[in-house]
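Structure record follows, encoded as C-alpha cells.
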Amino acid sequence: MNEKYVPGEIEPRWQKVWADSGAFHSEVDRTKPEYYVLEMFPYPSGALHMGHVRNYSIGDVVARFQKMRGYNVLHPMGWDAFGMPAENAAIKNKVHPADWTWSNIRNMRRQQQELGLSYDWDREVATCHPEYYRWTQWLFLLFFERGLAYKKKAAVNWCEECNTVLANEQVIDGNCWRCNSVVVKKELEQWFLKITDYADRLLKDMDLLGGWPERVRTMQENWIGRSEGAEFSFDVPELGEKIPVYTTRQDTSFGVTYVVLAPEHPLVEKLIAGKPEEVAVRAFVEKVRKLSEINRTATDVEKEGMFTGTYAVNPFNGEKVPIWVANYVLYEYGTGAVMGVPAHDERDWAFATKYGLDKRLVVQTPSEPMTIATMTGAYGGTGVLVNSGRFDGLENEIAKAKMADWLEEQKNGHRRVTYRLRDWLISRQRYWGAPIPIIYCEDCGAVAVPKEELPIKLPENVRFDVGAVSPLATVDEFVNCKCPKCGKPARRETDTMDTFICSSWYYFRYTDPRNTKAPWDINACNYWTPVDQYIGGIEHAILHLLYSRFFTKVLKDAGLIDADEPFKNLLTQGMVIKDGSKMSKSKGNIVSPEEIVKKYGADTARLFILFASPPERDLEWSDQGVEGAARFFNRLWRIVHHFAETAQGAPATYDAAELDADAKELRRALHTTIRKVTDDIADRFNFNTAISSVMELVNAMHVYRDAVKTPHPALIKETLEALMRLLAPFAPHITEELWSQTGHSDSVHKQSWPKWDAEALKTDSVEIVVQINGKVREKLIVPSEITGAELEKIALSQERIQALIEGKTVVKVIAVPGKLVNIVIK
RNA sequence: GCGGGCGUGGCGGAAUGGCAGACGCACCAGACUUAGGAUCUGGCGGGGCAACUCGUGGAGGUUCAAGUCCUCUCGCCCGCACCA
C-alpha cells in the first residue's frame, strides 16, 4: 500500500477508469426513480474559473449522492457556445469564431474532466453545432407557426459597442449586460417572441416553484410587474379625438386636474398644431427624445413638462382640464398617457406644484380630515370618496370597482391588467448565432423555411468587421434564395437569434441529444424532466430562468412535453470572492482552478469550496483554507491505513451489545455522522456542515485509536466502509483509491448510501444542565432514560443547587428529559 | 420609494426556542526533531487570581428559557424603480 497520499497520481488513474467503464452513463430505466441534476452550462470563454468549480462541485455531490441512494441519475454537461466573445476574438485575432469556440471547449472539457465530475459525456451538446441549432431553428418555426414570433418596427435598445440590439432583460441600469456601455434607443424592425402572452401564467405558476429561492421568485414577479386598473378616454372636443389613459386609481378620477402625454405620443403633433405653444413644445419633445434611457427614467430626474394649448374633458364629471406633455410619462407603458391627480399621486403632486396646476382632494380620512392647504404631499392611502359626485361616501377600494363598472356600462372604458414585461426581442445583427430561418419574398412576405431544409447553416467565409449590419448580409450565397412558397427569387433573413434562445431548451435536448428526427423523443423527455435540481448563479434570476420558463410553457402547449415548469428546485450559488471582491481579471484577484488542482488535487479543491461556506452564500477564497482541506485528506489517509489491516478479513456483522465503552462511543459517532451527513445533503444542501461532521468522525477514530490496544475488527470495517461512502460524493478520487486499497474490487461510487442504526445513536447516560432562572449552575450525568420527575428530584438534591436555592422560594421547575432542568426561584 | 436578503470570536462559519461559538483557518504553548512551513498534544469571545460576570448590530416585548419568535430601529448587500 502506498504510504503517501499523492493526488496527482491517483486522480488521473481513476478518471480514466471511470471514463473507460462508462461509469456515469445513464439510460431511461423505468424500474428506478429518476433524478435529473443540472448545472447551468457554461459559455466556452477559454478556461474554467472558480465560480464554475463551485457550481460543478455542488452538482456533483448531488448527482453522486442521489445515485448512491438508488436513483437513476441524469447529470449532463454542454456548451452555451454561440455569442459575441467568439466574434470579437475573430475581429481582433483573425481566428474564426468556430475554431476559437471549439478549441475553448476542448480546453474546458479537459479541465472539467480533471475535476472528476460525474458527467454523462455521451450527452454533451454544444449550441453552435449544426445538429443542435437545427432544432433551435425548428423551435423558432414552432413559435412562428403559433403566432408567437413576429417582426415589428419599434424603438429598441441598441448597443454601439456590440453593434446589435438587446432585449429589455439585457439592459442593466441603462447599460449593456455584456460590455457595460451605454444603450441607446433606435427605431428598427426586429423579431420578437410574445412572452407577454404568457405573463399571467408565468406569474401564476410561481406557485409551483416552492423549490426556488424566495428572492428569485420575487425578482421575477417584479420583472413581470402585473398591475390591475382601468383604461378610459378623455375627449378632446375641438379635435374630435380621444385620449385613452391607463390608471390603477380610477377611484381618484374626480381629482383629475390635467392630462399628460408622453413626448413620443402621436397625438402631440395634432394637439399643438396652430397653437402659440407649438414651437416650444416641439423643441421640448425633441430634447426629451434625445436623452438616453437611463437619463430619461431615473427617479431623481426633475419632472419637466409643457402645456399643449389644448383641453380634454373628464368623462366622470364633464370638466375641462389642460393637456400637457411631460418627460415622466413613458410611451411604452399603459397607453402612453396619464391622468394627473396631484392630491393622490406623488409624482403628480410634484408636477402640479412646480407648474401651479390645481389640486383636488377626493379621498378623505374622516377621523383626521385633510385639506389641500395643509397637505405637504400626495395622500396615497385608503379613505372615503369626497368631491366625487354620486360616488361620494364610498370606501375608495369599493369605489374602484364601482367606477370601473360605470366605465364599462358607459362603454367609455374597461378594466385592464397591465404588465411591465415586454415582448422578447430576439434578433441580433451578429454572425455567431443560429440564423433565423425566414425567407422574405416580395409577393409572399416573411415565409418560414421548410423544416426539412433545416439547419440553415452559417456560411464559413464571412467578414466580421462590417460594423452595424449583420455580417451574414454581406454573403450573397447566403442571402439569395428562392421563396419556398412561390419559387421566385427571395432573400434570407440575415439576423441571428439571441443566444438566450439556445439556452432556453438545452435541458430538454440532454434527454435525447442525438435525435435526428425531432428535438427530443417525448417519452424520454417526460421520463427525465422536469429538472429535479438546477444549480447556477443568481445573475440568471430573470434572463435565462424566465426565458426557460416561457419556452417550457409554449412547448407544453404544443404537446412536446408534459412539464409545466422546467426546474423543480433551484439552488443559486454565491460568488467566489477574494480580498473582498468577486474574482475578476481586471481586479487581478483570480485564483486559477487548474493551478489549484495541479498543486493540491481535485478532491482538495472540491472539498475546500464545499466546506468554506454554505452554497448559497458568497465564498471567501482562502489559500490557508485549501491547505486545511489538504491536511484533512492526509489525516484521513493515515487513519485509514492505520486501521486497514485490522479491517482486513473482519466479519461483516457483529453484536453491538458486546462492544466495550470505547467501541460503543465510536459506533455512536459513526451513526450520528451518517444521519447528519444524509440530512445535510438531502434536506438543505449544507455541505459545509456535512463535511465538518465527517471531520468529527475522523477525529473520533483518532480518539479510538489512542484509547484501545486491540481495536474491534468488525466495527473498524464498518466504520471505514461507511466513512469512504459518506465522503465519496465530495472527494471521489481519494475515496475510490482507499476503497480499493482496503480490499474492495468494485467502485465505491456503485455502493449504496450508508444507513444509520437508530439503536446506535442511543447513549447510556446523558449530560443534563441544571439552570437556576435560566443560568447554568450545575451539570449532571444521568441515565438517558430517566424521566422528568426523577430528573427534577436529582437536580434539586444537588448540594450546589441546595446552597443556591437556600432561603428562596422555588416557584416552578421545568425538567426536559435528556436536556435540562430549569429551577425558577424568587 | 417598493420588494428580497444579511448582521454571531481575529477569519470562514455552527447552533429542531434548551450549555452561543461545532468544524476549520489563524494564533499561542508544548512534544518529536539537526531542522520544520511535516506530524502529534493542549489552549484560544471580553473582563476577573477566582467565585463569577458581560456577550449574537441597537432598543423593547413574549417565554421557565431567545442568536432563534414578535414590535420598533440602525447598518450593509441585491433586485425593480417617474410602470400611472
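Below, chains carry the letters A, B, ... as their sequence lines are ordered, and counting in each starts from 1.
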Taking atom [atom1] in both [N] and [M], what distance in whole Å separates the two?
{"N": "U33(B)", "M": "C27(B)", "atom1": "C1'", "answer": "22 Å"}
{"N": "C78(B)", "M": "U16(B)", "atom1": "P", "answer": "29 Å"}
{"N": "A20(B)", "M": "U71(B)", "atom1": "C1'", "answer": "24 Å"}
{"N": "C72(B)", "M": "C23(B)", "atom1": "C1'", "answer": "36 Å"}
{"N": "C25(B)", "M": "G37(B)", "atom1": "P", "answer": "16 Å"}
{"N": "C76(B)", "M": "C44(B)", "atom1": "C1'", "answer": "29 Å"}
{"N": "G67(B)", "M": "C54(B)", "atom1": "P", "answer": "13 Å"}
{"N": "U73(B)", "M": "G10(B)", "atom1": "C1'", "answer": "29 Å"}

Which is true for [X] with a 4.0 Å heavy-atom rule: it touches a base, it touches only sugar-phosphate, or it touches nothing?
{"X": "R422(A)", "answer": "base"}
{"X": "R215(A)", "answer": "sugar-phosphate"}
{"X": "R777(A)", "answer": "sugar-phosphate"}
{"X": "P614(A)", "answer": "sugar-phosphate"}
{"X": "E346(A)", "answer": "nothing"}
{"X": "E767(A)", "answer": "base"}
{"X": "R675(A)", "answer": "nothing"}
{"X": "K826(A)", "answer": "nothing"}
{"X": "V769(A)", "answer": "base"}

Does [N] pair with anything, Watson-Crick or G-U wobble, both distances under 3.5 Å, and if so, with which nucleotide?
{"N": "C76(B)", "result": "G5(B)"}
{"N": "G45(B)", "result": "C54(B)"}
{"N": "C69(B)", "result": "G61(B)"}
{"N": "C11(B)", "result": "G24(B)"}

Contact under 4.0 Å: N688(A) side-chain N or O vs A14(B) OP1/OP2:
yes
Counting side-chain heavy atoms from CB outward, which of [options] is closest to [X]?
{"X": "T689(A)", "options": "C23(B), A14(B), U53(B)", "answer": "A14(B)"}
{"X": "R638(A)", "options": "C82(B), C19(B), U39(B)", "answer": "U39(B)"}
{"X": "I542(A)", "options": "G18(B), U53(B), G79(B)", "answer": "G79(B)"}
{"X": "R617(A)", "options": "G13(B), C19(B), G79(B)", "answer": "G13(B)"}
{"X": "E696(A)", "options": "G24(B), A22(B), C64(B)", "answer": "A22(B)"}
{"X": "R347(A)", "options": "C82(B), C52(B), G79(B)", "answer": "C82(B)"}
{"X": "Y333(A)", "options": "G18(B), C83(B), C64(B)", "answer": "C83(B)"}
{"X": "F611(A)", "options": "C64(B), G12(B), C40(B)", "answer": "G12(B)"}

Please confirm whether the ring centroid of F632(A) lies under 6.0 Å from the ring centroid of F611(A).
no
Between F500(A) and W424(A), does the ring centroid distance fall short of 6.0 Å?
no
What about [X], does its side chain sit under 3.5 Å from the base of [N] through a donor-acceptor pair?
{"X": "N822(A)", "N": "C64(B)", "result": "yes"}
{"X": "K819(A)", "N": "C19(B)", "result": "no"}
{"X": "E627(A)", "N": "C25(B)", "result": "no"}

Identify, between D706(A) and S622(A), the residue whose nearest nucleotide on RNA chain B lies closer to the 5' end.
S622(A)
Find which nucleotide of RNA chain B each of R631(A) and G774(A) is nearest to by heavy atoms, and output the residue with the more 5' nucleotide.
R631(A)
Could you tell me if the side chain of K354(A) sits less than 4.5 Å from the side chain of E304(A), heavy atoms only?
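Yes; the side chains approach each other to less than 4.5 Å.
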Would you say M339(A) and F232(A) make side-chain contact, with heavy atoms under 4.5 Å?
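Of all side-chain heavy-atom pairs linking F232(A) with M339(A), at least one is under 4.5 Å.
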Would you check if there is a donor-acceptor pair between the side chains of T247(A) and Q250(A) at a distance under 3.5 Å?
no
Answer with yes or no whether the side chains of R549(A) and Q220(A) bring together a donor and an acceptor at under 3.5 Å.
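Their side chains do contain a donor-acceptor pair, which is all the 3.5 Å distance test asks for.
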Do the charged groups of K793(A) and E790(A) touch, with an N to O distance under 4.0 Å?
no
